[in-house]
Structures are given as structure tokens and as C-alpha cells.
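The next block holds one structure in the form of C-alpha cells; read it before the comments.
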2 protein chains.
Amino acid sequence: MLTRLGGRISPLNAAERATLDRAIIEVRSVGARTILARKGERLEFSTILLNGFLSRHVDDRRGQRQFLSLQVPGDLVDFHAYPMRFLDHDVSALSEAQIALIPHSSIAEITEANAGLAHKMWLTTLLDAALHRGWIFRLGRLDGPGRICHFLAETAARLCAVGLGTPERFFLPLTQADLGEACGLTSVHTSRVLKALRSAGVCTFRDGTVSIEDPAALIRTGHFDPTYLYLNDGTRPGSEAAAAKHPASGKST
Amino acid sequence: MLTRLGGRISPLNAAERATLDRAIIEVRSVGARTILARKGERLEFSTILLNGFLSRHVDDRRGQRQFLSLQVPGDLVDFHAYPMRFLDHDVSALSEAQIALIPHSSIAEITEANAGLAHKMWLTTLLDAALHRGWIFRLGRLDGPGRICHFLAETAARLCAVGLGTPERFFLPLTQADLGEACGLTSVHTSRVLKALRSAGVCTFRDGTVSIEDPAALIRTGHFDPTYLYLNDGTRPGSEAAAAKHPASGKST
DNA sequence: CGAACGTTTGAGATGACTCAAGCGTTGTGG
DNA sequence: CCACAACGCTTGAGTCATCTCAAACGTTCG
């Protein structure tokens with residue numbers, strides 16, 4: 001069932017997958033635009049996304065929405081809700097979706113009995129933080145086209161990593177307004193940016209399908225550096241040669 | 001020594017604090033603007049910030065810097081580097097600072113031997129993710145004055161939580177350029193925004209000291225909602241009454 | 001056929017940026 | 001002790017990106 005689980009760093013082995021599988025008490029189908037959890041709500045369950053797409057988001061007082069993350073199939077959506085007890089944001093379904101529920105009591109048992117799996121669940125929640133950092137960079141340093149390209153490059157990489165779509169083409173059931181809420185742009189401006197990218201031959205976003213016509217341009221425009229996705233397992237090829245034994249070269253005490 | 005450690009959610013008890021204390025192999029003083037760790041570098045140690053301020057940041061190809069977080073005294077700065085093996089960003093000192101180093105081998109021993117402390121370290125890294133979400137909202141949904149106010153409100157809350165400063169006045173050794181890099185603004189625009197906030201009687205940022213003249217205005221302008229800081233220990237007073245037993249009201253399978 | 005929704009386009013306003021210059025303070029070397 | 005460089009901050013002028021408001025269009029669905 002959880003074939004795509006943990007597809008990135010440190011994938012689960014068969015035994016671990018089976019352990020998590022056994023902890024599932026319910027599989028549920030939800031309709032598009034269903035709200036799954038609200039900010040501040042006490043949660044007794046965490047969610048694995050089996051199929052479809054979810055978003056996590058906050059709304060400001062004026063009702064403006066900001067996406068915090070896009071969840072793709074295989075994601076452990078809100079495992080941080082187990083240590084945290086409640087969420088600081090909302091979770092909702094973008095498309096029809098299938099989710100699996102795991103009671104927090106089971107997670108507690110697993111983490112006590114299985115240090116290896118506990119470690120990997122920790123890792124998963126850290127990947128979440130790493131994704132957030134990618135979003136901070138996108139919003140803080142890129143303009144409209146840059147943000148859209150960065151988001152699409154990230155999403156392409158994540159979907160490829162779980163075997164959904166190719167680097168040139170994947171399914172993404174968002175509206176332009178959703179895309180804007182992810183990238184901090186209005187829907188009007190999102191439309192204009194997409195048009196520009198389309199006529200520049202970079203990419204096309206239509207009917208929930210993304211086609212990347214010029215991957216190099218997408219990466220360049222989005223200043224996309226996938227380091228933060230931790231797609232490789234720590235044995236990192238790029239940028240730094242030797243392992244650092246000590247941080248800093250500051251004056252010692 | 002680690003008096004301010006874990007000052008927010010789920011503080012450490014005396015025994016846990018002692019355990020972490022014993023794991024420290026070195027305390028080091030570093031000068032302002034020292035780089036402590038670089039993106040991609042393999043790390044064998046994680047850092048506790050004892051005194052001073054650090055930043056975590058990424059640079060794009062043009063050399064533009066985006067802050068990802070501000071670290072205040074008491075923070076476990078890069079404990080995610082233990083499961084992750086390497087960082088996806090740089091860490092550097094904003095001011096003179098004292099840091100304590102804990103070898104990853106000790107963290108491994110602790111997490112295996114002490115499930116309670118392991119859980120709290122997990123929590124700490126999750127708070128990091130929660131902070132990131134606050135930053136995503138700030139950058140995605142707020143304008144210049146909003147971002148500055150949100151950042152200052154967050155920082156005031158965090159510093160108060162560890163006993164440094166008051167809600168009206170605290171020490172923050174950043175330049176206006178730093179503040180801009182945190183908020184996704186140029187230093188020129190940061191200067192103008194600060195001037196506007198100053199003459200509106202909201203707050204003053206001068207010589208590394210922040211004075212909040214009108215806390216209500218600060219919070220209003222920054223659309224600041226501290227939920228994401230998890231300052232209270234899970235027993236949440238606000239916004240939601242009953243515990244949710246099931247997420248969503250979607251059609252069941 | 002009409003309503004709802006997502007998308008597109010236009011026009012005008014404004015927030016934020018860039019480039020550039022000037023100012024005050026601090027630190028340093030002659 | 002002075003001169004000068006370096007740094008952080010401020011201000012001005014002009015440009016550009018993005019927003020807002022508004023209208024129109026195509027598709028889907030009832």
C-alpha cells in the first residue's frame with residue numbers, strides 16, 4: 001500500500017513499512033477542497049497521503065491565504081502533530097485524495113520500541129523543515145517568474161522521486177489561484193507570469209498538467225538548487241569536498 | 001550553563017539538562033560575522049547557542065542573501081544536522097557569541113538510551129519548522145511594514161520566552177541590512193520602512209536595540225499570531241475548544 | 001439556457017527596487 | 001592628533017514589478 005512512502009532520503013525497509021502499515025487504523029477517501037484539519041485543533045491521528053494532493057496553509061485576518069506546503073503522495077503529512085499535539089496551520093485536500101490515519105498512541109509505541117523507525121520519522125519531519133527553507137528562499141529572494149519556476153522545479157523533483165511523472169511532464173491539480181497562494185502572488189499576476197513563461201518556451205501549466213519545455217531555463221529562472229530536498233542519502237557529490245571536523249575558525253575560549 | 005535551554009515548549013528537567021551538559025565537548029567563543037558552518041559540509045557536531053545571536057541563511061547565484069532563521073540564546077541551532085548529516089544552508093554569527101558543541105555520536109547515544117530526551121530533541125527541531133512557517137507567511141503575505149513588524153513581534157516573543165528583554169524593549173544586534181535580508185527587503189527600503197514605523201510611533205530600531213512604543217500596532221501591522229511559536233505547552237487556551245477525534249468530514253471509504 | 005468557475009486582458013495606482021549621493025560615526029595609520 | 005577609509009544609515013529621483021479594480025471570455029455543469 002505505502003509503496004511511495006519515504007521515497008526520498010533514507011527509505012523505509014520492508015519491515016519498517018510493515019510496522020507502519022499495521023499502525024493504520026483507517027483509510028479514507030476525501031473530496032477535493034475538503035478541510036482535513038484546522039489550526040489549533042487537538043489531533044489524535046497523523047496522516048499519510050496515499051493518493052492525490054493536499055495543501056497546508058494559513059490565512060491572515062483579511063482572508064488571504066498562504067500555502068505553507070504542498071503534499072504529494074507518499075508524504076507523512078502531519079507527523080509533527082504527534083510531538084506538537086496540535087497544528088499551527090490548516091490542512092486541506094486540493095484534489096480527491098486517499099489518506100491513511102495512524103493514531104498517535106501507535107506512533108508513541110513505535111518510537112519507543114523501534115529506535116530505527118523513530119529516527120526515520122524524525123528525518124521525515126526534518127525534510128518538512130528543509131522544504132520550508134526552500135519556500136522562504138523562494139518568497140524572499142525571487143520575483144514572480146522566479147517563484148513560479150522554483151516551485152515547479154521543486155514539485156517536479158518531488159514527484160519524480162516518488163515515481164509520479166517525469167522531469168518534463170507531471171500532473172498537478174492546482175488552479176492558478178492556488179499556484180499564486182503558494183508563491184505569494186495574486187491570481188491575476190500568476191496568470192500573466194504563466195503566459196510569459198509559456199511564450200518564452202519555458203513551461204506550460206494547463207488543465208492541471210505541467211509541461212516543462214526548457215528544464216534548463218526553468219532551473220535558471222528559479223535559481224533552483226535542490227540541495228534542500230536531500231534527495232541523495234547524505235553522500236553528497238557537490239560543492240564541498242572534505243568533511244568538516246569543527247565549525248568555524250573563531251577564536252577559541 | 002544551559003539555563004535558557006528549551007525555554008519554550010516542554011522544557012528540559014534537571015536530569016535531562018545535565019545529560020546534555022555532559023555531552024558538551026567544547027565551549028567556544030566566536031567573533032561577530034564568523035561563519036560557523038557552510039552548506040553541504042558534513043558535520044560531526046551540533047551546536048547550542050549560549051550567548052549572542054546567529055543566523056542561518058542561503059545565498060543565490062547573484063550573492064543575494066536570504067535569512068532562514070535567527071537563533072537566540074538557548075537555541076539548539078543545528079540539531080537537525082545530526083539526522084540529516086549535512087546542512088542545506090550556512091550558519092554564521094551576527095554578534096560575538098558563545099557556542100557549545102555536542103558530537104553527533106553523543107546525540108546518537110542519548111537518543112538510544114533516553115527516549116524522553118530524544119522526544120524533546122525531536123520537538124526542538126519541529127519548533128524550527130514551525131518558525132519557518134511563520135517566515136513563509138511573513139514573506140508571502142505581508143508588505144514591508146508588515147514584515148518588519150511581524151519579525152520584531154516574533155523576536156520579542158522569543159527573547160522574552162528565554163528571559164532576554166521585555167515585550168517593549170530588547171537587544172538585537174542586527175544592521176538594517178540584516179533586517180532586510182531576514183524580511184526579503186533591500187537595505188534602502190528597510191531604512192524607509194523603519195523611518196515610517198518610527199514616525200508612526202510604532203517602534204524604534206537603533207544601535208542594536210528595539211523599542212516597541214505601540215505593541216498593539218506592531219501586532220496589528222504584522223498580522224502577528226503567535227500560535228506557531230508553541231509558547232504554551234500543548235494545553236492551548238485559544239481558538240479551538242474540543243479535541244478533534246477525526247480529521248475531516250470527508251466521505252468515508 | 002444560465003450560473004459558476006477559472007482564466008485572460010486592460011488600465012491605473014503603488015510598493016519596492018536601483019542607482020547615486022551625502023552624512024555621521026568609528027577605527028586606524030601617518 | 002588629524003586625515004582618511006570604512007561602514008551603516010538616510011534621502012532623492014526614476015523605473016519596474018506587482019497589485020487592485022473591472023470587464024470579458026470559455027468551459028463545465030445543472
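Model, not experiment: these values are computed from the prediction. Letters go in sequence order (proteins before strands), and every chain restarts at 1.
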What's the [atom1]-[atom2] distance between [X] and [N], to the nearest Å?
X        : N     : atom1 : atom2 : result
B/Arg33  : D/dG8 : CZ    : P     : 7 Å
B/Glu181 : D/dG8 : CD    : C1'   : 13 Å
A/Ile148 : C/dT7 : CD1   : C1'   : 14 Å
B/Leu197 : D/dC9 : CG    : P     : 15 Å

Test your reading of the model: is there a side-chain donor-acceptor pair from A/Arg147 to the backbone of A/Leu142, 3.5 Å cut-off?
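Yes: the side chain of A/Arg147 pairs with the backbone of A/Leu142.
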Does B/Arg158 use its side chain to pair, donor to acceptor, with the backbone of B/Leu70 at less than 3.5 Å?
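A pair under 3.5 Å: yes.
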Mind checking whether A/His150 and A/Tyr228 have parallel, tilted or perpendicular rings, split at 30° and 60°?
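A/His150 and A/Tyr228: parallel rings.
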Salt bridge (Lys or Arg N to Asp or Glu O under 4.0 Å) between B/Lys39 and B/Asp90, intermediate numbers included
CA-CA 5 Å; B/Lys39 171 175 159 180; B/Asp90 299 337; over 6 Å; no
Going by distance alone, is a donor N or O of one side chain under 3.5 Å from an acceptor N or O of the other, for [X] and [Y]?
X        : Y        : value
B/Ser29  : B/Glu96  : no
A/Asp178 : A/Thr175 : yes
A/Thr227 : A/Asp225 : yes
B/Ser211 : B/Arg169 : yes

Its dot-bracket string being built from Watson-Crick and G-U pairs below 3.5 Å, with | for another strand and [ ] for crossing, DNA chain C has the pattern ||||||||||||||||||||||||||||||
So, is B/Gln176 near the phosphate of D/dC7, with a side-chain N or O under 4.0 Å from OP1 or OP2?
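So the side-chain polar atoms of B/Gln176 never come under 4.0 Å of the phosphate oxygens OP1 or OP2 of D/dC7.
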Before giving the answer on salt bridge (Lys or Arg N to Asp or Glu O under 4.0 Å), spell out for B/Arg56 and B/Asp128 the whole-Å C-alpha distance, their side-chain angles and the decisive distance to 0.1 Å.
CA-CA 11 Å; B/Arg56 292 154 58 197; B/Asp128 205 55; 2.8 Å; yes
So among B/Asp78, B/Leu76, B/Val77, which one has a side chain to side chain contact (heavy atoms under 4.5 Å, CB included) with B/His80?
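The passing option is B/Asp78.
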Looking at A/Thr186, A/Leu185, A/Leu194, A/Ile148, which one forms a side chain to side chain contact (heavy atoms under 4.5 Å, CB included) with A/Gln176?
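Exactly one candidate clears the test, A/Leu194.
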Shorter than 3.5 Å, N or O on both sides, protein versus nucleotides 26-30 of chain D: list them out with atom names.
none

At under 4.0 Å between heavy atoms, how does the protein contact nucleotides 9-24 of chain C? Give one character per nucleotide, 5' to 3', with B, S or -.
BBB----BSBB-----
